[in-house]
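On a predicted model such as this, the values are computed, not experimentally measured, just so you know. For the numbers below, each heavy atom of this structure counts, side chains included, while hydrogens, waters and symmetry mates do not. Chain A is the first sequence line, chain B the second, and so forth, proteins listed ahead of strands; every chain is numbered from 1.
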Amino acid sequence: MRIYLTTPIYYVNAYPHLGHAYTTLIVDGVARFYRLKNWQVFFLTGTDEHGDKIQKTAKDKGLSPQALVDEISESFKRTWDYFGIGYSRFIRTTEETHKKTVQRVLQQLYEKGEIYQDEYEGLYCVGCERFLTAKELDEQGRCKDHQKTPELIKEKNYFFNLEKYRSWLKDYIQKNDLIYPAFYKEEVLNMLEEELPPLCISRPKKRLEWGIELPFDKDYVTYVWFDALLNYLTGIGYPEDPNWEAWWKESHHFIAKDILKPHAVYWPIMLKALGLPVYKKLLVHGYWLVDRLKMSKSIGNIVDPVSLSKTYGKDQLRYFLFREMAFGYDAEFSFEAFITRINADLANDYGNLVYRTLNLTEKYFNSCVPPLNGLTEEDQAYLDMVKTALEDYHKLFSELQFHRALERLWEAIREGNVYIDRQAPWSLIKKGELDRAGTVLRVLLEVIKSFAIALSPVMPETSQILLENMSYERPLSWEEVFNFKGLKEGAAAKKGKPLFPRIEDKPKEEEKVVEEKKEETGFISIDEFRKIDLRVGKIVAAEKVPNADKLLRLEVLCPEKRQIVSGIAQYYQPEELIGKEVIIVANLKPSKIRGILSEGMLLAAKDEKGLCLVTPEKEMAPGAKVS
RNA sequence: GGCGGCGUAGCUCAACAGGUUAGAGCAUGUGGCUCAUAUCCACAGGGUUGGGGGUUCGAGUCCCUCCGCCGCCA
C-alpha cells in the first residue's frame, strides 16, 4: 500500500506562520499515521518562488529575486526541520528540473492547441503593476490601494481554454469522491455552473521577468498556476522517474480553502488536457482565526508557530492543532484555549495517568514492568474499552476527523484514571496484595504503551520519550497498538520528568506573539499623540534577565535614572548598549516583568531581518523631549 | 443578485441513513480519595436544539418561511 501526500508549496513573500504550520503538521501527522501502518509514503512540500510580488519585494529590499527566495525558502525548510517534519522531498519552483518540466508541459499543450495567444484589454494599475478586477476598485473606479484611476490597456498574452472541459469536470466531480469535506464539493460545482473564462497563463517579460520562460515565445514568462500546480508532478519525478505514476494514483493534496478554485478547477482541467489522470483527493481545511479574524499582516495578528512551540512545546502545539480544529472548518486560536488543552487534556488526563502509573511502578516494583497475574473481569472490561476506542480512533483519523479521533481516545485515557482509582493499587499494596497491584499496573502500562504508539503521529517526541522510559523495544506499528503484552516483563520502567508540565502562568506580555491590533480607523488625533511622553534616554547599565532569553534589564538616564526591561536580548548584547542614546516612552504605566519593575519602554523598528533601536541622529541631552 | 453552508448547555463540539428522559469536554457548585504535575474520582445545576409553520405514530435530523452569521460566484 502506498500514499502520496502533498502540502501546497508556500509562496515566499512571507515567513511561515501558524496557517502554514497547520497544513504541514497535519500532513506530517497523516504521513506518520500511514507509516505506522507500514504503508509507503511520499510526502512532498516546498516553496513557490516566482511572480511579481517576489520581484517587487526584492526590488524594494534591494535584493535580487534569487537572493530573496533563497532566504525565505530556507526559512520554511528550517522551520519544518525544526518541527521534525518527515517530508520526502522539499521542492522549489526555481529548480532546474521543475523549470524544464513546466516548459515541456507548456510546449505539449501549445502543440495540442490548448494554449493560444489573444489580446487582453483590462484596467492596469501602474502602482500595483498588474491588471485589476472589478472587486479591487472603489466607487469611483480607482485602485483601492493607490487611489489612482487605472489605465485601460491592451496586451497580448497566452490563454488556456478552461471552458472546453467544464462539463467534463462537473461530471467528474459529481461522480467521484474527489473533494473533502463534501460542502467544498458543492461550492466547486457551483463555480462550474457558469462559463469559465480563459485562464491567462503568461506575462510579458517587459512587465515580469521573474518566471519561467514560455518555450514557444521568448518574450513571455508563465504565470502562477502553470508554474505552481505542476510541482505536484515534478516533485515525484514526472515524467522521467518510472515510479511517478504509481505515486500519482494515490495523490492526496492538502490545502487551505483559499486556494480551492485553482486546485479544484484549473488543476484537474490541466491534467485532463495533458491526458493525465486527475489526482485522487483534495482535502480542504479552514483558517485559524485570531479574534474572529483571519490572520493577516495588515491586521497584525500573525501567530508564530516557532515561538509558540518554544514556549509551550512542539507536541503540545501539534496536539492543540489536531484537537481544536474540525478539519474543513475555521477554528479560533487563543492562548486561553491552548493552555486549557495543555493543562486539562495533556497534563491532567494523559500526563497524570502516565505519571501516577509509572510512579507506583517505580516506588513499589523497583522500576520494573510487573508480571500479569491473571486478569479480572474489570481488567478485561477496561482493555476491551481501550481496544474499541483505539479502533474508533483509527477510523476517525483515517477520515481526517482528527478532533473527534483524539476526543475518542481521550475517553479511554480518562477511563484509565477511573480504572486506577477503582483498583487503587496503593491500597492493594498496603493490604499486602502485591501481585494484584502489579497486574493492575501492568494493565495500565500496556495501555499507556498503546496510547503512546497510537498518538505518535500527533505527538512524536513525547511518545518516543515515554516508550523509551518503559523500555519498549518492539516495532512502532499499528498492530502493536492492540498487543497488550508488548512490554518486557522485568524491564526498566521509570517515570522520568512529567511529559506535559502544567502551564501555571498566564501568557506574559513580552511572550505574546500576537501583535496588537491597529486602531480601527488607522488614525489618531494630535492630542492622542501628545499624551505620549517621548524622550531621549542614555543607557548607563545593561544586563540579561536570568531565565528569560528575550529580556534585558537596562538603566537609562532621562534625565533621572530609570529601570526599563526590554525584549531585545536576541538582537543586542548588553555591552554594546552601554552609552547608547535611545528614544523612550517615559509615561508608560510602570509594570513588573518577570518580577522586575519596568518604568517605560524603548522604541525599536522591526522587520523580517531583525530589530534595531531608534536613536537620535546626533548626541542629545538625556531627557530631551521628542515630539 | 445567484448558489451554498452554518445557527444544539456560558464556551468548544457530538448525536450513523428521523426512533426511548438531546450527549461529552472546559467552566461553575458540592462531596470523596491521596499513588499522582494542587492532579484524580463521584454527584449536581444548566438547553422550549435561532423564531414560526408543516409532513410523520415520532424531527435537532425532512419540507416551507422569517431572522442572524459566514463563504463562494457575479
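Remark: B:rU49 base-pairs with no nucleotide; criterion is Watson-Crick or G-U wobble with both hydrogen-bond distances under 3.5 Å. Across all strands shown, B:rC72 pairs with B:rG2; the Watson-Crick or G-U wobble distances both stay below 3.5 Å. Nucleotide B:rC40: paired with B:rG32 (Watson-Crick or G-U wobble, both distances less than 3.5 Å). Base pairing analysis places B:rU8 opposite nothing; no Watson-Crick or G-U wobble pair with both distances below 3.5 Å involves it. B:rA27 is unpaired under the Watson-Crick or G-U wobble criterion, no partner having all donor-acceptor distances under 3.5 Å. Look at B:rC57: its Watson-Crick or wobble partner, with both distances under 3.5 angstrom, is B:rG19.
Taking every side-chain heavy atom of A:I420 into account, B:rC35 is the closest of B:rG25, B:rG71, B:rC35. Listed nucleotides: B:rA14, B:rG25, B:rC26. Nearest to the side chain of A:H403: B:rA14. Listed nucleotides: B:rG5, B:rU12, B:rG25. Nearest to the side chain of A:D345: B:rG25. The nucleotide whose nearest atom lies closest to any side-chain atom of A:P498 is, among B:rA42, B:rU37, B:rA24, B:rU37. The A:W426 side chain lies nearest to B:rU34 when the options are B:rU34, B:rC40, B:rC72. Among the nucleotides B:rG25, B:rC13, B:rU39, the one closest to any side-chain atom of A:N348 is B:rU39.
Nearest-nucleotide positions on RNA chain B for A:E407 and A:N359 put A:E407 closer to the 5' end. A residue-by-residue look at A:E186 and A:Y355 shows that A:E186 has its nearest nucleotide of RNA chain B further toward the 5' end.
The separation of B:rC40 from B:rG71, taken at their P atoms, amounts to 39 Å, rounded to a whole angstrom. Taking the P atoms as reference points, B:rA42 lies 30 Å from B:rG60, given to the whole Å. Between B:rC62 and B:rU39, the two C1' atoms lie 48 Å apart (nearest whole Å). Nucleotides B:rA44 and B:rG25 have their P atoms positioned 12 Å apart, rounded to a whole Å. The P atoms of B:rA22 and B:rC70 are separated by 32 Å, rounded to the nearest whole Å. The C1' atoms of B:rU56 and B:rG19 are separated by 12 Å, rounded to the nearest whole Å. Using P as the reference atom, B:rG23 and B:rG46 are 14 Å apart when rounded to the nearest Å. Going from the P atom of B:rG52 to that of B:rA15 covers 25 Å, rounded to whole Å.
Between A:Y158 and A:Y116, the ring center distance fails the sub-6.0 Å criterion. Aromatic ring centres of A:W410 and A:Y319 lie closer together than 6.0 Å. Taking the six-membered ring for Trp and the full ring otherwise, A:Y279 and A:Y232 have centroids separated by 6.0 Å or more. Centroid-to-centroid, the aromatic rings of A:F333 and A:F335 come within less than 6.0 Å. You'll find the ring centres of A:F160 and A:F226 inside the 6.0 Å limit.
Spacing between atom CG of A:N190 and atom P of B:rC70 amounts to 19 Å, rounded to whole angstrom units. For the pair A:N343 CG and B:rU37 P, the computed distance is 15 Å after rounding to whole Å. Remark: P of B:rA24 and CE of A:M385 are 13 Å apart, rounded to the nearest angstrom. In this entry the distance linking CG of A:L434 with C1' of B:rC35 reads 14 Å, nearest Å. When the P atom of B:rU37 is taken as reference, atom CG of A:L499 falls 13 Å away, rounded to whole Å. Computed from coordinates, the A:F320 CZ to B:rC13 P distance equals 11 Å when rounded to whole Å. Summarising the geometry, the separation between CG on A:L396 and C1' on B:rC13 is reported as 14 Å, rounded to the nearest angstrom. A straight line from CZ of A:R404 to P of B:rC16 spans 9 Å, rounded to a whole angstrom.
Within the nucleic acid shown, A:P425 has no heavy atom closer than 4.0 Å to any nucleic acid atom. Across all strands, A:F500 comes closer than 4.0 Å to base atoms (heavy-atom distances). As judged by a 4.0 angstrom heavy-atom cut-off over every strand, A:N352 is placed among the base-contacting residues. Note on A:N417: only backbone sugar-phosphate atoms sit closer than 4.0 angstrom, heavy atoms only; bases stay farther off. Across all strands, A:K430 comes closer than 4.0 Å only to sugar-phosphate atoms, never to a base (heavy-atom distances). Using a 4.0 Å heavy-atom criterion, one finds that A:K257 contacts no nucleic acid atom at all.
Between A:K495 and B:rU37 there is no side-chain polar atom (N or O) within less than 4.0 angstrom of OP1 or OP2. For A:R502, a side-chain nitrogen or oxygen approaches OP1 or OP2 of B:rU39 to under 4.0 Å.
With A:E362 contributing its side chain and A:S367 its backbone, the two residues share no donor-acceptor pair below 3.5 Å.
Screening A:L196, A:V278, A:L199 against A:I269 for a side-chain contact (heavy atoms from CB on, under 4.5 Å) leaves a single residue, A:L196.
In summary, A:K449 and A:E446 engage in a salt bridge, as defined by a charged side-chain N under 4.0 Å from a carboxylate O.
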